[in-house]
There are 2 protein chains.
Amino acid sequence: MPEDVADTWGALLKVHAALVPLLDRELQEAHGLPLTWYDVLLELNAAPERRLTMGQLGSVAAVSRTRVSRVVDELVRAGLVARDPNPDDGRSAFAALTPAGRTALRKAAPTYLAAVRREFADHLTVREADVLASALRKVLAASGRER
Amino acid sequence: MPEDVADTWGALLKVHAALVPLLDRELQEAHGLPLTWYDVLLELNAAPERRLTMGQLGSVAAVSRTRVSRVVDELVRAGLVARDPNPDDGRSAFAALTPAGRTALRKAAPTYLAAVRREFADHLTVREADVLASALRKVLAASGRER
DNA sequence: TATAACTATGTGCGTACGCACGTAAATACT
DNA sequence: AGTATTTACGTGCGTACGCACATAGTTATA
């Protein structure tokens, strides 16, 4: 008996709606980091040379491209990110993780990971987690391709 | 080689970020229904007697409990939902799907389902979809239990 | 029954968000 | 080279959102 497609998608929506505010509050209370900041710091940390242009950041992060400008503004004011000019393109600007930004990310990561495990991963078998990851990545690849 | 828990969760976040705005725009352009409206109508349609109290609606829908009041206001103005008093509890009020609401939902559903298939389900095998649905439901059940 | 504690709902208000637009730089075209 | 088109970015502005609080009705306590 195959699942209804809408039910599977609906379950994903509900999980997102239930867990994201929870993770956000937990990060904020423990470290003063909104989930948006954490997400941006995470992406920058994973990027080559720990920096990305605004456009790249808008593509990979959960936040929209236009929103990135203001979030990076906030992060710069907090000292966690620096705006570096792009020598190869005068229009472009890099958002680069500062040492303070890395430190903040390292400090917040255990809180975030613990919450993700407790609320999400601990309820999945290893096989389920693997299937989930590969399946979601396929969806993501298809979505990114036709953009 | 087991997946990192954060990567799996991160993939879910990215899929949500990529697909939700797309579904919203598509529903809006084709039928003038924001995704929020569609979600509320869907939950009401699935409920016994096609109605729910505000609190119940806030729990099952993706929208927060406080937000429900205003969304239902809009739906009432649009004629898709009616506010029925609850005879058993004077504080409470039902949001009940009107015939026009059911019609709107029936009309919008094909658009929504087609988009969900195209962007999501078509990229999954049947087995993956089944694992996804059951896994996400387990997460959801655990999250709802300790609330 | 009278009062206290609790629950369901609506609303004021500040924040987060993304679209539409403007600006500046790079690329394509002649 | 000079002009037009495209691209990357930031900002004004209106909308969506949820928290904190107020209100009214219900349940528990004495």
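Every value quoted in this text rests on a predicted model; they were computed, and no experiment measured them. Chain letters run A, B, ... following the sequence lines, proteins first and then strands; every chain starts at 1.
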Between [options], which one does the side chain of [X] approach most closely?
X	options	result
Arg65(A)	dT11(C), dG18(C), dG10(D)	dG10(D)
Val63(B)	dG18(C), dG10(D), dG18(D)	dG18(D)
Ser64(A)	dG18(C), dC9(D), dT9(C)	dG18(C)
Thr66(B)	dA20(C), dC19(D), dT9(C)	dC19(D)

Should [X] and [Y] be counted in the same cluster of Ile, Leu, Val, Met, Phe, Trp and Tyr side chains packed under 4.5 Å apart?
X	Y	value
Val131(B)	Trp9(B)	no
Leu41(A)	Val116(A)	yes
Val72(B)	Leu33(B)	yes
Met54(A)	Phe94(A)	no
Leu75(A)	Leu52(A)	yes

Legend entry - Angle of first-five versus last-five pair axes in the helix from dT1(C)-dA30(D) to dT30(C)-dA1(D), to 10 degrees: 20°
Roughly how many Å is it from [atom1] in [X] to [atom2] in [N], rounded to a whole number?
X	N	atom1	atom2	answer
Asp73(B)	dG12(C)	CG	P	11 Å
Gln28(B)	dC19(C)	CD	P	11 Å
Asp88(B)	dT9(C)	CG	P	13 Å
Arg77(A)	dG10(D)	CZ	C1'	13 Å
Leu52(B)	dT9(C)	CG	P	10 Å
Leu57(A)	dC9(D)	CG	C1'	13 Å
Met54(B)	dT7(C)	CE	C1'	15 Å

Inset, instruction - Return the 5'-most residue of the pair Asp89(A), Arg70(B) with respect to DNA chain C, ranking by each residue's nearest nucleotide. - result: Arg70(B)
Legend entry - Along DNA chain C (nearest heavy atom to each residue), the more 5'-positioned of Arg91(A) and Glu74(A):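 With Arg91(A) and Glu74(A) compared, the 5'-side residue is Glu74(A).
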Inset, instruction - Nearest 0.5 Å please: distance from the CD atom of Glu119(B) over to the CD atom of Glu26(B). - result: 7.0 Å
Inset, instruction - Tell me what Asn86(B) touches on the nucleic acid: a base, only sugar-phosphate, or nothing, going by heavy atoms under 4.0 Å. - result: nothing
Inset, instruction - Identify whether any heavy atom of Ser92(A) sits under 4.0 Å from a base atom; if not, whether one sits that close to sugar-phosphate; answer base, sugar-phosphate or nothing. - result: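 The residue Ser92(A) makes sugar-phosphate contact but no base contact.
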Inset, instruction - Using ring-ring contact (aromatic ring centres under 6.0 Å, His included) as the criterion, list what pairs up with Tyr38(B), not counting sequence neighbours. - result: Tyr112(B)
Inset, instruction - For DNA chain D, determine which residues of residues 32-51 of chain A have any heavy atom closer than 4.0 angstrom to one of its atoms, and list them numerically. - result: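 Here the set is empty: none.
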Inset, instruction - Apply the side-chain contact (heavy atoms from CB on, under 4.5 Å) test between Leu105(B) and each candidate in Asn45(B), Val40(B), Leu44(B), Leu80(B); give the one that qualifies. - result: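 So, applying the side-chain contact (heavy atoms from CB on, under 4.5 Å) to Leu105(B) and each of Asn45(B), Val40(B), Leu44(B), Leu80(B), only Asn45(B) qualifies.
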Inset, instruction - Search all heavy atoms of Ala18(B) against all heavy atoms of Leu140(A) and return the closest pair with its distance. - result: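 Here Ala18(B) and Leu140(A) meet closest at CB-CD1, 4.5 Å.
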Inset, instruction - State whether Arg67(B) places a side-chain N or O below 4.0 Å from either non-bridging phosphate oxygen (OP1 or OP2) of dC17(D). - result: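 Checking dC17(D) against Arg67(B), a side-chain N or O does come within under 4.0 Å of OP1 or OP2.
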Legend entry - Presence of Arg83(A) side-chain N/O under 4.0 Å of dG10(D) phosphate oxygens OP1/OP2: yes
Legend entry - Enclosure of Arg106(A) CZ (heavy-atom neighbours >12, cutoff 6.0 Å):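 Atom CZ in Arg106(A) is not packed in, count stays at 12 or less.
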